[in-house]
Amino acid sequence: MQITPLRPGGLGLDRSHASDSVAAVPRTGDVPAAAPAPAPSALPVVHAGLRGLDAQRNQRVAGAQQALAYLDRLAPRLRNLQSDLSRAAAGQPVPADRLESQRARLDQLWAERATAAGTALDPQLHFNAEQPARRSFSVRGLDQPPQARETLTLAVGLPSAARPAVRVQLDPQATPQARADAFAQALAPLDLQAEADAGGGLRFSVAEARWPQVRDGLALQGEGRQFASGRLHRVAADPQPDVLTPAQWTLQDEDGARQALQQLGTALQRTEAAREGARTVLDDDRAALADAAPARDAAWAQDFGTAFAARLRGESGPRDSYGRQATLGAALWGLGRQRVERLLDAG
């Protein structure tokens, strides 16, 4: 039997796995030291709280909850103003200050959408729990079919390694979808998307959080045919109007009231569709948890029990298996430091 020589201050044992059997008695007035934390086990933690963590699912559920809370506030304001405007259009008396007050409250709530509704609800009131809301926009000169073959260079802000300038070929002979695909591939490093619109031009989109950067920093350079050459020039990015523009309504004007009613009707339809989408996400999540949790817990418990039993029998795990540790622990039970030191001195 080989005995590891003593190190200063105690036995040559790893303190994370073994300790002296005789605890030191604290002196009067001493504050007892906190018990050392147990050594990490190689076995899985029983029913760990984060074992079922799914970051993407949690993000979807949080987005649906936040969007639904906002939509539940928006819907009654839309209905109330629509009802009063309809009464006014039918010739029934509705106080003008009441209409203006409702318009102002709706305008304030709509201005809070990007922060209050989270990232799952876009400016058109379309709900999407899978990706952040995007802002659609057009670029003057690219919203129509090209007139000449030309290589364009586009950038958002000053080109850098993180935001490089990209090049794409304009081809008048290409189909609108082929042009959109070429732009989408070229603009991917800038986190921009492109699609063909009904008129043969291009419509772009960017994550709503990045819209101010694109609005203020989109630049383009051509070859002097349809677009100016020489250097990058700032170009205007025109956003698609929101489904609601209450700040622009003039409710005392017949045309303004008609525009407001049209937008309110569209917004109410999309609000109900978005609420249904958010509820579906939440209902599907509850059903998935209810169906999967018992089976997953049962399978995990069975696997854990099998692995733990194999560890106890010494059939798996490191060389210092539980059986060897149990035998060594029984042999060393009651063996304190002073006795070991006497044995070493005697040897």
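Not measured: the values here are computed from a predicted model. Residue numbers run from 1 in the order of the sequence given.
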Short question: side chain of [X], backbone of [Y] - any donor-acceptor pair under 3.5 Å?
X: Thr245; Y: Pro241; value: no
X: Arg270; Y: Val243; value: no
X: Gln147; Y: Pro145; value: yes
X: Asp197; Y: Gly200; value: yes
X: Thr280; Y: Glu276; value: yes
X: Arg134; Y: Ser205; value: yes
X: Trp249; Y: Gln259; value: no

Salt bridge flag under 4.0 Å for residues [X] and [Y]:
X: Arg113; Y: Asp242; value: no
X: Asp285; Y: Arg57; value: yes
X: Arg135; Y: Glu208; value: yes

Inter- and intrachain pairs under ring pair (Phe, Tyr, Trp, His ring centres under 6.0 Å), touching residues 208-232, at least two apart | Phe137-Trp211

With heavy-atom distances below 4.5 Å as the criterion, would you say the side chains of [X] and [Y] are in contact?
X: Val139; Y: Leu202; result: no
X: Glu150; Y: Leu152; result: yes
X: Arg105; Y: Leu109; result: no

Do Leu282 and Leu121 share a hydrophobic cluster (ILVMFWY, side-chain heavy atoms under 4.5 Å, transitive)?
-> no

Which value, rounded to the nearest 0.5 Å, describes the distance between [X] atom [atom1] and [Y] atom [atom2]?
X: Thr266; Y: Gln124; atom1: OG1; atom2: CD; result: 10.0 Å
X: Leu78; Y: Arg73; atom1: CG; atom2: CZ; result: 12.0 Å
X: Phe204; Y: Leu218; atom1: CZ; atom2: CG; result: 8.0 Å
X: Leu264; Y: Arg103; atom1: CG; atom2: CZ; result: 12.0 Å
X: Gln102; Y: Asp107; atom1: CD; atom2: CG; result: 13.5 Å
X: Ser136; Y: Glu195; atom1: OG; atom2: CD; result: 6.5 Å

Side-chain donor-acceptor pairs of residues 167-176 under 3.5 Å, sequence neighbours excluded:
| residue | atom | partner | partner atom | Å |
| --- | --- | --- | --- | --- |
| Gln169 | OE1 | Thr151 | OG1 | 2.8 |
| Asp171 | OD1 | Arg149 | NH2 | 3.2 |
| Asp171 | OD1 | Gln173 | N | 3.0 |
| Thr175 | OG1 | Ala178 | N | 3.1 |

For Ser83 and Arg87, does a side-chain donor sit closer than 3.5 Å to a side-chain acceptor?
-> no

Using only heavy-atom distances, determine whether the side chains of Gln177 and Asp181 contain a donor-acceptor pair under 3.5 Å.
-> yes

Other residues, nucleotides, ligands: >12 heavy atoms within 6.0 Å of Glu100 CD = yes

Mark yes when over 12 heavy atoms from residues, nucleotides or ligands other than Glu112 sit less than 6.0 Å from its CD; otherwise mark no.
-> yes

